[in-house]
Amino acid sequence: MPDVMSSSRLVGVGVGPGDPELVTVKGVNALRAADVVVVPVMDTGEVGRAEATVVHYVPQEKILRVVFALNERSDRSRREAAWDAAGEQVAELLRTRGSVAFATIGDPNVYSTFTYLAHTIGELVPDVVVETVPGITAMQDLAARSGAVLTEGTEPLTLVPVTAGAAVLKDALAGPGTVVAYKFGRQAAEVAEALRETGRIEDAVWGSALGLDGESIRSAAELDGAALPYLSTLIAPARRDGSRGGKL
């Protein structure tokens with residue numbers, strides 16, 4: 001067996017929100033250079049969003065599905081056990097193959113499973129080199145597709161995962177600047193209420209399945225309380241007076 005420990009490398013590659021054309025050139029090169037490309041799934045029988053993008057750039061036989069408890073929030077022990085098992089599987093790949101790319105939707109440093117994997121691998125394979133390749137985020141894609149401007153001048157930008165609770169979103173909406181909400185689909189009713197209470201609903205826009213079949217981009221004013229896809233994204237632009245350079 002070749003000695004790969006001294007050169008084992010784990011690269012977290014952001015592959016964007018779904019549209020294969022939004023993977024960067026650097027991301028494609030990293031996927032192709034790796035010995036194996038790991039994609040996270042909840043079940044090995046499914047094709048996850050990351051794999052659906054990666055398969056456009058590397059052969060299927062180079063892709064390995066690894067199970068993560070991606071949506072497990074109530075059972076900490078089950079989540080920890082899943083992370084440990086996934087970490088052991090990737091660690092063994094690093095010991096025997098040397099170069100592993102982990103494909104993650106969006107960006108590997110923004111609410112990504114890669115963060116947890118890298119932490120685990122750092123303990124299991126201490127000499128591994130860990131790198132990341134940035135990816136285009138859902139908020140950037142939604143802004144481009146909807147025409148919503150994320151920031152102007154001195155405006156702040158606040159990113160909130162609604163899995164932290166609708167109250168966190170409401171606090172952000174009460175403040176200045178643009179607010180982006182991730183993973184709000186299951187709490188769409190609470191999100192719509194928060195937008196209305198803070199007077200931010202008319203200019204807000206939400207989207208899901210960006211760049212994919214079934215893409216939906218709508219005004220937040222159309223939210224009727226029905227549940228939306230889990231990976232839905234919302235942009236509530238800053239309050240602006242319409243003047244050019246008004247926030248400079």
[X] versus [Y], closest heavy-atom pair with distance:
X      : Y      : result
Ala238 : Thr178 : N-OG1, 3.0 Å
Lys62  : Arg32  : NZ-O, 2.6 Å
Ala204 : Pro237 : CA-CD, 4.0 Å
Pro134 : Asp107 : CA-OD2, 3.2 Å
Val23  : Val15  : CG2-O, 3.5 Å
Ala103 : Leu31  : CB-CD2, 4.4 Å

(Q) Would you say the rings of Phe68 and Phe102 are close, in the sense that their centroids are separated by under 6.0 Å? (A)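 Ring centres of Phe68 and Phe102 closer than 6.0 Å.
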(Q) By the definition side-chain contact (heavy atoms from CB on, under 4.5 Å), identify the one residue from Leu173, Asp171, Val179, Leu169 that meets it with Thr198. (A)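 It is Leu173; the other options fail the test.
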Q | Minimum side-chain heavy-atom gap Pro229-Leu231 below 4.5 Å | A |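 They are not in side-chain contact.
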Q | Val133 side chain reached by Thr24 side chain, heavy atoms, under 4.5 Å | A |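 Sidechains of Val133 and Thr24: in contact.
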Q: Check the angle between the aromatic planes of Trp83 and Tyr116 and answer parallel, tilted or perpendicular using the 30° and 60° thresholds.
A: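 It falls in the parallel class, under 30°.
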**Q.** N-O pairing of Glu215 and Arg145 below 4.0 Å
**A.**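 Counted as a salt bridge, because a side-chain N and a carboxylate O are separated by less than 4.0 Å.
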**Q.** From NE2 (His119) to OG1 (Thr115), nearest 0.5 Å
**A.**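 These two atoms lie 11.0 Å from each other.
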